[in-house]
Protein chains: 2
Amino acid sequence: MADDTKKTDPSVDFGILNSLMGYRLRRAQMNFFSKFSDLCSDLGISPGLFAIIAIVERNPGLTQTAVAQALGNDRSAMVAAVDKLEQMDIIERRPAKNDRRSYALFMTKHGQTFFKTLSTRVMEHEQSMAARLKDDKELDWLLKTLDILSKN
Amino acid sequence: MADDTKKTDPSVDFGILNSLMGYRLRRAQMNFFSKFSDLCSDLGISPGLFAIIAIVERNPGLTQTAVAQALGNDRSAMVAAVDKLEQMDIIERRPAKNDRRSYALFMTKHGQTFFKTLSTRVMEHEQSMAARLKDDKELDWLLKTLDILSKN
DNA sequence: TATTGTTATACTCTATAACTATA
DNA sequence: TATAGTTATAGAGTATAACAATA
């Protein structure tokens with residue numbers, strides 16, 4: 001919602017939370033997600049759907065399960081997501097060539113242009129957030145550090 | 001679940017996702033949360049409950065609404081959370097002195113020691129994650145940067 | 001009128017198990 | 001026997017609206 005009216009009370013002592021990467025990651029991520037909603041909810045796209053589109057766009061022909069594994073989702077969650085993206089004419093299922101159990105996922109023509117619109121909005125927001133950092137070097141460092149912290 | 005068996009396929013091209021702070025923040029945060037569950041689910045504590053305890057421990061006497069505002073939660077979500085923490089004998093509601101509508105929240109005796117156990121576990125994990133960084137300077141920089149990115 | 005705690009509600013995410021058709 | 005897609009389901013988490021008691 002990106003709501004300025006309810007501020008965090010500065011007189012509250014956050015104690016240990018202040019020193020926890022886990023807590024700060026959560027706060028930062030919530031901020032990104034709520035802004036993402038502000039920017040893209042009119043298009044019916046959530047962060048999770050955006051990630052699926054981004055993977056399919058760069059890796060046409062992947063199966064649902066392969067996309068789920070790449071994103072760390074469960075197979076079962078893909079069904080409703082791909083159903084929706086298919087109804088929106090963004091992605092299409094095609095029968096896989098070598099395996100009649102699985103579908104290969106591809107972008108539709110409309111999906112291609114839709115993804116460009118979406119990417120532009122998302123990148124604009126990213127750049128406005130990146131402007132809070134010192135320089136591109138700091139951004140690279142942040143991305144690298146977040147990647148290191150993403151591995152278990 | 002911190003499961004090593006299902007790896008992210010390295011042959012998948014993540015495209016724009018790789019350059020997005022929002023996506024990397026999500027991946028890093030998911031990793032912290034799943035490890036938090038591994039460490040603390042036997043004690044019945046989620047990250048959200050831990051945050052509430054941490055605030056009450058450092059700010060005894062805050063009302064439910066004040067804690068909710070500090071953490072960015074909705075008032076209504078506090079009810080079940082505080083109910084649970086009260087049943088676990090960690091936090092107690094006391095009638096507020098000046099306002100008969102509200103409760104003041106305090107740690108119980110058991111809650112004090114419980115929180116120490118909890119904090120030890122969480123800090124151990126934090127330190128093992130911080131060990132992936134170069135030094136304490138880098139950790140400070142990360143915490144500061146995440147704070148900057150948390151503001152809307 | 002406004003606010004606190006509460007309830008009810010609903011919607012999204014996520015996780016699990018089981019089914020079917022294929023492999 | 002194992003896997004892909006699917007379905008059903010259940011549990012979190014989150015957000016909104018409304019109500020009673022109190023300010």
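The base of C/dT16 lies close enough to the side chain of A/Ser76 for a donor and an acceptor atom to sit less than 3.5 Å apart. In terms of polar N and O atoms assigned as donor or acceptor, the side chain of A/Ser102 never comes within less than 3.5 Å of the base of D/dT3 in a complementary pairing.
For C/dC19, neither phosphate oxygen OP1 nor OP2 lies less than 4.0 angstrom from any side-chain nitrogen or oxygen of A/Arg101. Applying the 4.0 Å criterion to OP1 and OP2 of C/dC13, one finds that A/Ser46 has a side-chain N or O inside that range. For B/Arg100 and D/dA23, the shortest distance from a side-chain N or O to OP1 or OP2 is below 4.0 Å. Between B/Arg75 and D/dT14 there is no side-chain polar atom (N or O) within less than 4.0 angstrom of OP1 or OP2.
Ion pair B/Arg94/B/Glu92 flagged as a salt bridge, since at least one NZ, NE, NH1 or NH2 atom sits closer than 4.0 Å to an Asp/Glu carboxylate oxygen. Salt-bridge formation is not detected for the pair B/Asp135/B/Lys137: no Lys NZ or Arg NE/NH1/NH2 atom is positioned less than 4.0 Å from an Asp or Glu carboxylate oxygen.
Taking atom CG on A/Asp74 and atom P on D/dA10, their separation rounds to 17 Å, with Å as the unit. To the nearest angstrom, P of C/dA8 lies 13 Å from CG of B/Asp83. One can place CD of B/Gln69 at 10 Å from P of C/dT3, the figure rounded to the nearest angstrom.
By the neighbour-count criterion of 12 heavy atoms within 6.0 Å, atom CZ of B/Phe36 is densely surrounded, having more than that number from other residues, nucleotides or ligands.
Judged by a 6.0 Å distance limit and a 45° cone about the ring axis, B/Arg58 is not positioned over the six-membered ring of A/Phe14.
Residues B/Tyr103 and B/Arg26 both approach DNA chain C. Their nearest nucleotides, taken by heavy-atom distance, put B/Tyr103 toward the 5′ side.
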